[in-house]
**Student:** 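One structure coming up, written as structure tokens, with questions to follow.
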There are 2 protein chains.
Amino acid sequence: MQIALTAAVRCAECPIRHRAVCARCDDDELSQLEGMKTYKTFKAGQPILWRGDDLVFVASVVQGVAALSKTLEDGRTQMVGLLLPSDFIGRPGRGQIDFDVTATTDVTLCCFERKPFEKLVDDTPHVAQRLMELALDELDAARDWMLLLGRKTAREKIATFIQMFVRRTHTDEQAAGPDQFNMPMTRDQIANYLGLTLETVSRQFNSLKKEGVISFGDRKTFTVVDMAALHNATGDDADGGMID
Amino acid sequence: MQIALTAAVRCAECPIRHRAVCARCDDDELSQLEGMKTYKTFKAGQPILWRGDDLVFVASVVQGVAALSKTLEDGRTQMVGLLLPSDFIGRPGRGQIDFDVTATTDVTLCCFERKPFEKLVDDTPHVAQRLMELALDELDAARDWMLLLGRKTAREKIATFIQMFVRRTHTDEQAAGPDQFNMPMTRDQIANYLGLTLETVSRQFNSLKKEGVISFGDRKTFTVVDMAALHNATGDDADGGMID
DNA sequence: CAAATTCTTTGATCCAGATCAACCTGATGC
DNA sequence: GCATCAGGTTGATCTGGATCAAAGAATTTG
């Protein structure tokens with residue numbers, strides 16, 4: 001889990017920091033792909049990609065939240081990744097994916113055809129390098145999540161989730177206050193991300209609220225009242241394991 | 001989780017397939033690093049790297065098993081990766097790691113200094129590409145494990161673990177029979193990998209044995225008697241989600 | 001605005017797996 | 001050979017979260 005958002009620069013043509021595609025949008029690599037860019041939108045709940053689909057497009061999330069998830073034979077599912085604005089779908093050399101991608105909220109994607117994108121990657125070493133960096137970030141995040149799923153209590157899972165979400169969110173434009181943030185996911189979706197049930201998620205949220213660690217007015221708007229207490233509840237040690 | 005072992009070729013100089021460093025050892029990229037290569041061995045239980053350590057070396061596992069693990073403040077730990085022979089430690093651009101690496105059995109590593117290795121990566125596009133591929137394989141494996149940790153029952157976890165282990169192992173030289181294999185990990189280590197306790201691991205192993213799915217003579221030697229039943233017990237659907 | 005629908009909360013009960021506690025078994029050393 | 005010790009098994013009990021159930025909000029629809 002990374003604290004710092006990458007120092008990505010806003011692409012001149014695009015209402016989004018292309019965190020994944022390009023950490024230095026000012027270098028204009030992506031301009032080579034201008035004209036091949038299309039926006040697609042998906043309604044909350046809609047599938048974006050199914051497991052096994054051919055990846056015709058790669059895409060940046062412009063707005064909204066999407067989720068990567070895996071399902072067992074009998075229907076139990078587990079989210080294995082969250083895609084927030086600036087996150088990227090698609091990797092060089094991978095024409096298929098092994099998970100479903102679903103719109104968690106209404107989502108806008110900025111899509112590029114796979115072919116020219118791969119050519120760009122091949123021709124531009126530092127873009128390739130940047131994509132490697134991002135894959136490794138995802139790997140780190142996945143491993144943090146493995147620790148959470150394997151060993152944390154329900155309370156610790158919720159606290160970790162809130163902390164992660166605030167960190168990924170609170171520099172964004174839509175941040176309404178210091179540690180206030182919008183929670184665009186339902187209890188059920190959060191449960192799927194944390195390996196819990198929705199009832200347990202609800203109970204733990206309310207217990208953190210009762211203890212004055214967080215508070216929420218509107219059901220979608222949270223404030224972290226006591227950041228230190230929240231961190232304490234995560235079970236992580238002091239620095240939270242951040243590398244960069 | 002990948003079924004197929006990569007078609008890596010044995011390096012002329014090295015008693016190991018350099019699965020990670022080089023899928024085409026016959027192209028001799030690694031020969032550029034000859035002379036910088038050192039072997040290091042670690043006794044079972046010994047730490048290899050601590051979280052936060054600077055990575056002076058990158059390394060291939062030649063023999064034995066090592067584990068990546070993460071620890072909570074109060075000592076609970078979770079393995080977040082297994083390193084079997086031919087697996088690789090160290091990524092281009094990452095000078096530090098965010099987990100501990102420990103020898104699970106006695107381990108031999110083939111180490112290269114980080115600096116010349118990174119230069120090799122920079123100068124050799126298809127090695128860089130290969131490393132990206134491997135990072136993505138690890139990411140896939142991590143996500144499979146997230147599903148396991150978050151949603152599978154103890155029985156399903158054990159069955160999945162055995163299946164994974166057989167698949168990663170049974171083409172190796174040391175494989176004694178068709179589906180017979182050596183289990184170099186203790187119940188405790190397996191528990192740490194699966195997010196269980198050692199007692200539960202023991203009970204589930206014995207219950208699978210009682211049902212005739214597996215059998216074991218020596219405590220370290222297992223045979224999968226009924227592969228179909230084993231797969232059935234994993235909770236995964238038919239093809240197990242393999243991409244390549 | 002009422003009705004329908006989708007989320008959320010809250011309570012009661014249950015159970016898979018953790019925890020606690022012996023005891024067993026095989027390997028290593030002296 | 002016996003002692004020690006690290007791992008493994010097996011049983012009894014406990015408990016965190018799941019499951020089942022029902023009753024509130026909020027939001028959407030007509």
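Each chain gets a letter, A, B and so on, in the order its sequence line appears, and its residues count up from 1.
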**Student:** To the closest 0.5 Å, what do you measure between CD (Gln204(B)) and CD1 (Ile190(B))?
**Tutor:** 12.5 Å
**Student:** When you measure from the centre of the six-membered ring of Phe222(A), is the NZ or CZ of Lys209(A) under 6.0 Å away and within 45° of the axis?
**Tutor:**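 Verdict for Phe222(A): no cation-pi partner in Lys209(A).
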**Student:** Any chance you could list the contact pattern along nucleotides 6-22 of chain D? Use B for base contacts, S for sugar-phosphate-only contacts and - for none, protein heavy atoms under 4.0 Å, 5' to 3'.
**Tutor:** -SSBBBB----SSBB--
**Student:** Salt-bridged, Arg51(B) to Asp98(B), with N to O below 4.0 Å?
**Tutor:**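 A salt bridge links Arg51(B) with Asp98(B).
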**Student:** Establish, from distance only, whether the side-chain atoms of Asn192(B) and Arg76(B) form a donor-acceptor pair under 3.5 Å.
**Tutor:**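 Note: Asn192(B) and Arg76(B) side chains miss the donor-acceptor criterion.
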**Student:** What are the two closest non-hydrogen atoms of Cys111(B) and Phe57(B), and how far apart are they?
**Tutor:**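 Where Cys111(B) meets Phe57(B) most closely, the heavy atoms are CB-CD2, 3.8 Å.
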